A.B. asks: 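Dropping the structure in here first, questions after.
For ligands, and for the atoms within them, numbers begin at 1 and follow the listed sequence. Being a predicted model, the structure only gives us computed values, none of them experimental.
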Amino acid sequence: MSHIKIKNENLISEVIIDRQEALNAMNPDVLSELTDAVQKVISDEKTGVIIITGEGNKAFIAGADIKAMQQMNAEEALRYGKAGQKLTLMIESSSKPVIAAINGFALGGGCELAMACHMRVVSENASFGQPEVKLGLLPGWGGTQRLPKIVGVGKAVELITTGKIINAEEAYRIGLANKICSSNQLMNESKNLATEILKNGPRAISSSLRCIKDGLTMNIEKGMEIEVEEFSELFRYEERMEGLTAFIEKRDPKFRQ
Ligand code: DAK
């Protein structure tokens, strides 16, 4: 049975993890299905923004599947770890913005998946944490790498070494959440953000995402080299002419058909 649903409307694709009996924890099957679904929406022409969420109002994703991991040997753990890393890298490198709509627990691998997304809109009952050390593990889907970049080294070390869980307000305060809203407004708020993005030039958005992502792993000179290349590349496309002309003609640009 598939645990992943995809909905598409108005250029927004929702990818929904539905394994509520285990708080949407990701076993190897869920991970594989989610990877296929994300790949599909990234290459879908009718998708401009992707929203990833968990079904129900209790959990986004409560982590990698603890029961499945208890049965794994080192080789299986390596495959599972690499599969999770492949998915988070795919999300992070997406040419289309990916929003995590976080409706409850985002723990362990769930928090790591949320951090691979470009933005995080969270409900008041959301909670975050990297409790892997409590299980004798470490955050293996990029958590040790992405958390310090999002919240700073000190906070990341504190969260990872204590394994403590923080609430939505604390997540917002440290920059892990972009916005907090009530549970019943979560999808509306996530879609509002997506709609605001969709008004803008799709190529300009993809180029910006690439510059931001690549810039995080290089020095300022190299990062700015990439930025100026992407900037000049945009002049090859009709999109920038539409944007510049619309400003001069005092009208809204029309970037998408
Ligand atoms: N895995 C499997 N099942 C889970 C689960 C999980 N992560 N989280 C919850 N469940 C299941 C529970 O076992 C329970 O199932 P039944 O007992 O009813 O069969 C059901 O979901 C409902 O959970 P609770 O009864 O516990 O619900 P509560 O509201 O009382 O508590 C909770 C909610 C989220 C506080 C609690 O369920 C909990 O602490 N869950 C575990 C959270 C957690 O520790 N998550 C991190 C998992 S470790 C690696 C790469 C990545 C990773 C590791 C290695 N490599 C490179 C190899 C990542 C690791 C993780 O994510």
A.B. asks: Could you check whether Gln185 and Asn188, counting side-chain N and O atoms only, form a donor-acceptor pair closer than 3.5 Å?
C.D. replies: yes
A.B. asks: Run the salt-bridge test on Glu189 and Lys179 with the 4.0 Å N-O cut-off and return the result as yes or no.
C.D. replies: yes
A.B. asks: side-chain hydrogen bond (donor to acceptor under 3.5 Å, both in side chains): which pairs involve residues 81-90, sequence neighbours left out?
C.D. replies: Thr88-Arg146
A.B. asks: Would Glu14 and Ile50 satisfy side-chain contact (heavy atoms from CB on, under 4.5 Å), going step by step from the backbone distance to the final call?
C.D. replies: CA-CA 6 Å; Glu14 279 174 65; Ile50 298 159; over 6 Å; no
A.B. asks: Just need the protein heavy atom nearest to atom 57 (C) of ligand 1, so name the residue and atom and give the distance.
C.D. replies: Ala77 O, 3.1 Å
A.B. asks: Go through Trp141 and Tyr80 one step at a time and tell me if the side-chain contact (heavy atoms from CB on, under 4.5 Å) criterion holds.
C.D. replies: CA-CA 9 Å; Trp141 290 344; Tyr80 188 44; 3.9 Å; yes
A.B. asks: Before signing off on this row, confirm whether Trp141 and ligand 1 have an N or O atom pair separated by under 3.5 Å.
C.D. replies: no
A.B. asks: Using a 4.0 Å heavy-atom cut-off, say whether Ala62 meets ligand 1 through its side chain, its backbone, both or neither.
C.D. replies: both
A.B. asks: Using heavy atoms and a threshold below 4.0 Å, how should the contact between Lys82 and ligand 1 be classified: side chain, backbone, both, or neither?
C.D. replies: neither
A.B. asks: Considering heavy atoms of the protein only, find what lies nearest to atom 49 (C) of ligand 1 and give residue, atom and distance to 0.1 Å.
C.D. replies: Gly140 CA, 4.0 Å
A.B. asks: Have a look at ligand 1 and work out which part of Lys58, if any, has a heavy atom under 4.0 Å from it: side chain, backbone, both or neither.
C.D. replies: side chain
A.B. asks: Looking only at protein heavy atoms, which one is nearest to atom 17 (O) of ligand 1, and what is the separation?
C.D. replies: Lys67 NZ, 3.9 Å
A.B. asks: Under 4.0 Å from a heavy atom of Gly63: which atoms of ligand 1 are those, numbered in the order shown and with their elements?
C.D. replies: 61 (O)
A.B. asks: Please verify whether a non-hydrogen atom of Glu21 lies at under 4.0 Å from ligand 1.
C.D. replies: yes
A.B. asks: Determine whether the side chains of Asn8 and Ser13 contain a donor N or O and an acceptor N or O closer than 3.5 Å.
C.D. replies: yes
A.B. asks: Around atom 5 (C) of ligand 1, find the nearest protein heavy atom and jot down its residue, atom name and distance.
C.D. replies: Ala25 CB, 3.9 Å
A.B. asks: May I ask whether atom 26 (O) of ligand 1 is less than 4.0 Å from at least one protein heavy atom?
C.D. replies: no
A.B. asks: Taking only heavy atoms of Leu107, which atoms of ligand 1 are found under 4.0 Å from at least one of them?
C.D. replies: 34 (C), 42 (C), 45 (N)
A.B. asks: Would you list the atom pairs, donor with acceptor, under 3.5 Å between side chains in residues 217-224 and any protein atom, with sequence neighbours excluded?
C.D. replies:
from: Thr217; atom 1: OG1; to: Asp214; atom 2: O; distance (Å): 3.0
from: Asn219; atom 1: OD1; to: Glu221; atom 2: N; distance (Å): 3.3
from: Asn219; atom 1: OD1; to: Lys222; atom 2: N; distance (Å): 2.8
from: Lys222; atom 1: NZ; to: Glu225; atom 2: OE2; distance (Å): 3.2

A.B. asks: Short check: is a protein heavy atom less than 4.0 Å from atom 15 (O) of ligand 1?
C.D. replies: yes
A.B. asks: Is there a polar contact between ligand 1 and Ile66, counting only N or O atoms under 3.5 Å apart?
C.D. replies: yes
A.B. asks: Let's go through Asn178 and Tyr172 carefully: what are the C-alpha distance in whole Å and the side-chain angles of both, what is the deciding distance for side-chain contact (heavy atoms from CB on, under 4.5 Å) to 0.1 Å, and is it a yes or a no?
C.D. replies: CA-CA 6 Å; Asn178 290 65; Tyr172 180 71; over 6 Å; no
A.B. asks: Can you tell me if Met69 contacts ligand 1 (heavy atom of the residue under 4.0 Å from the ligand)?
C.D. replies: yes
A.B. asks: Can you find a protein heavy atom under 4.0 Å from atom 31 (O) of ligand 1?
C.D. replies: no
A.B. asks: Tell me whether Arg120 contacts the main-chain N or O of Ala100 through its side chain, where contact means a donor paired with an acceptor under 3.5 Å.
C.D. replies: no
A.B. asks: Considering only non-hydrogen protein atoms, determine which one is nearest to atom 36 (C) of ligand 1 and report residue, atom name and distance to 0.1 Å.
C.D. replies: Leu23 CD1, 4.6 Å
A.B. asks: For atom NZ of Lys5, is the number of surrounding heavy atoms from other residues, nucleotides or ligands below 6.0 Å larger than 12?
C.D. replies: yes
A.B. asks: With side-chain contact (heavy atoms from CB on, under 4.5 Å) as the test, would you mind laying out the steps for Glu132 and Glu112 before giving the verdict?
C.D. replies: CA-CA 11 Å; Glu132 284 88 345; Glu112 293 177 289; 3.5 Å; yes
A.B. asks: Please report whether atom 23 (O) of ligand 1 has a protein non-hydrogen atom at a separation of less than 4.0 Å.
C.D. replies: yes
A.B. asks: Which residue supplies the protein heavy atom nearest to atom 55 (N) of ligand 1, what is that atom called, and how far is it?
C.D. replies: Gly81 CA, 3.7 Å
A.B. asks: Could any protein non-hydrogen atom be found less than 4.0 Å from atom 19 (O) of ligand 1?
C.D. replies: yes
A.B. asks: Leu34 and Ile4: which non-hydrogen atoms are nearest, and at how many Å?
C.D. replies: N-CG1, 3.8 Å
A.B. asks: Would you confirm whether Asp252, through its side chain, and Ala246, through its main-chain N or O, come within 3.5 Å as a donor-acceptor pair?
C.D. replies: no
A.B. asks: For Gly109, counting its heavy atoms only, list the atoms of ligand 1 lying under 4.0 Å from any of them.
C.D. replies: 60 (C), 61 (O)
A.B. asks: Looking at Glu169, I want to see if its CD is surrounded by more than 12 non-hydrogen atoms of other residues, nucleotides or ligands under 6.0 Å.
C.D. replies: no
A.B. asks: Heavy atom under 4.0 Å from ligand 1: found in Ala64's side chain, backbone, both, or neither?
C.D. replies: both
A.B. asks: For atom 4 (C) of ligand 1, find the nearest protein heavy atom and state the residue, atom name and distance (0.1 Å precision).
C.D. replies: Ala22 O, 3.9 Å
A.B. asks: Looking at atom 44 (O) of ligand 1, what's its closest protein heavy atom, distance included?
C.D. replies: Pro131 CG, 3.5 Å
A.B. asks: Between Asn103 and Gly54 (side chain of the first, backbone of the second, donor and acceptor by atom type, cut-off under 3.5 Å), is there such a pair?
C.D. replies: yes
A.B. asks: In terms of atom number and element, which parts of ligand 1 are under 4.0 angstrom from non-hydrogen atoms of Gly108?
C.D. replies: 46 (C), 61 (O)
A.B. asks: Give a yes or no on whether the backbone of Asp65 and the side-chain of Asn27 come within a donor-acceptor separation of less than 3.5 Å.
C.D. replies: no
A.B. asks: Looking at Arg203, is its backbone amide N or carbonyl O close enough to the side chain of Glu239 to form a donor-acceptor pair, meaning the two atoms are under 3.5 Å apart?
C.D. replies: yes
A.B. asks: Using heavy atoms and a 4.0 Å limit, tell me yes or no: is Gly84 in contact with ligand 1?
C.D. replies: no
A.B. asks: Distance below 4.0 Å between atom 10 (N) of ligand 1 and any protein heavy atom?
C.D. replies: yes
A.B. asks: Protein non-hydrogen atoms only, distance under 4.0 Å: does atom 7 (N) of ligand 1 have such a neighbour?
C.D. replies: yes
A.B. asks: Under 4.0 Å from atom 38 (C) of ligand 1, do we find at least one protein heavy atom?
C.D. replies: no
A.B. asks: Using a 4.0 Å heavy-atom threshold (strictly under), name the region of Leu135 that reaches ligand 1: side chain, backbone, both or neither.
C.D. replies: side chain
